[in-house]
Amino acid sequence: MDRLSSFLARRLWHKTRQEVRRLAMRNGLLTMKVVHVDGYLVGRYSPAFDPSHLSGDAVRDQQWVRDHLAPFLIEPDQQKTGSSDPSPPVPVLPGHLRRFGSGLQDSSASAAYAVRIVGKAGEALNVKIIATLLLLAAAMHESGVELRDLVRLLRQPASVFAIHLRCEFFERALLQLVEKTGLLPFGPYVGMAADFTFVEDMWAWGEGRPNASSFMSS
C-alpha cells in the first residue's frame, strides 16, 4: 500500500472508531469528561462497564464486547412519527457489568484499554468501502499532485472535486464513501454523479442541511 492509500485508510479507520466512541457515549456505555491537557480542552472517555471483564487479548475482548454490549454500538431504532414517546429507547447496562467508583480509576490503563476495545469492536467497514477508497487513492495518485497538496485541499471547506475513473458503478460507491463515512472533514456532504444530476433522489438530506461542497464523478 502506498503512502496515499495508507493515509486515507488510517484516517477512515480513525474516524470510524471516533464515531463508535461517540455513539457508545450517547448510549451510556462510555462516559466523557472534559479535561485540560497542555492548554487544550479535550474529552477523555471512560468505560461505564467494569473493564475487569476484559482478558487483555484484543481479539477476544473485541468479540466479548460484540457479544455482550452490541446494543450500545448501534444507532437505536427511531420511533414512528406521532408516537407518544418520540425519544428512542436507550439500552440498559446489566448490573453485573456496571462499573462502580470514579476518581483515579478513570485514568487507569485498564480504562484506556477498554475504551480502545469499544472503538475497535464497533467498527464496521465493508469490502465495498475499502475497495472504493483504494480506487480513489489510485486516481488521486495518477493525478500527479503531491500528497501534502492533496491533504491541504481536503482540509479546505467548500471544495469542489471532479473525478473521472473508468470503473462501472464507481460514482455511486464514491457517493456512499463521502456521505456515509467520516473520511473527509467539514461534513456531512451531499454528492451527485454527473449522470444523475437532475434526479431528486440523489439529494440525500439528513438531519441537518448539507455543506456547500459537491462531489461529481463521471
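Counting begins at 1 with the first residue of the sequence.
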Taking only distance into account, with no hydrogens and no angle test, what donor-acceptor pairs under 3.5 Å do side-chain atoms of residues 131-145 form with protein atoms, sequence neighbours excluded?
{"unit_1": "Thr132", "atom_1": "OG1", "unit_2": "Lys128", "atom_2": "O", "d": "2.7"}
{"unit_1": "Ser143", "atom_1": "OG", "unit_2": "Met140", "atom_2": "O", "d": "2.4"}
{"unit_1": "Ser143", "atom_1": "OG", "unit_2": "Val145", "atom_2": "N", "d": "3.4"}

Value rounded to 0.5 Å, distance of [atom1] in [X] from [atom2] in [Y]:
X      : Y      : atom1 : atom2 : result
Arg3   : Arg10  : CZ    : CZ    : 9.0 Å
Leu177 : Leu12  : CG    : CG    : 6.5 Å
Trp13  : Glu123 : CH2   : CD    : 4.5 Å
Arg11  : Ser6   : CZ    : OG    : 14.0 Å
Ser55  : Trp64  : OG    : CH2   : 10.0 Å

If I compare all heavy atoms of [X] with all of [Y], which pair ends up nearest, and what's the gap?
X     : Y      : result
His53 : His96  : NE2-O, 3.1 Å
Phe49 : Ala114 : CZ-CB, 3.9 Å
Ala48 : Gly28  : CB-O, 3.4 Å

Answer yes or no: is there a side-chain heavy-atom contact under 4.5 Å between [X] and [Y]?
X     : Y     : answer
Leu30 : Ser46 : no
Tyr45 : Met25 : yes
Leu93 : Leu69 : yes
His14 : Gln18 : yes

Could you list the residues that satisfy side chain to side chain donor-acceptor pair (under 3.5 Å) with [X], not counting sequence neighbours?
X      : value
Arg148 : none
Arg21  : none
Asp67  : Gln63
Arg22  : Glu19

Donor-acceptor pair, side chain of [X] and main chain of [Y], under 3.5 angstrom:
X     : Y     : value
Arg44 : Met32 : no
Asp50 : Leu97 : no
His36 : Val42 : no
Asp61 : Leu54 : no

Full working for side-chain contact (heavy atoms from CB on, under 4.5 Å) between Val35 and Leu41
CA-CA 6 Å; Val35 296; Leu41 289 176; over 6 Å; no

Apply side-chain contact (heavy atoms from CB on, under 4.5 Å) to Leu73 and list each qualifying residue two or more places apart in sequence or on a separate chain.
Val20, Ala24, Leu29, Val65, Val118, Ala121

Quick check on Arg60: does its CZ atom have over 12 non-hydrogen neighbours (other residues, nucleotides or ligands) under 6.0 Å away?
no

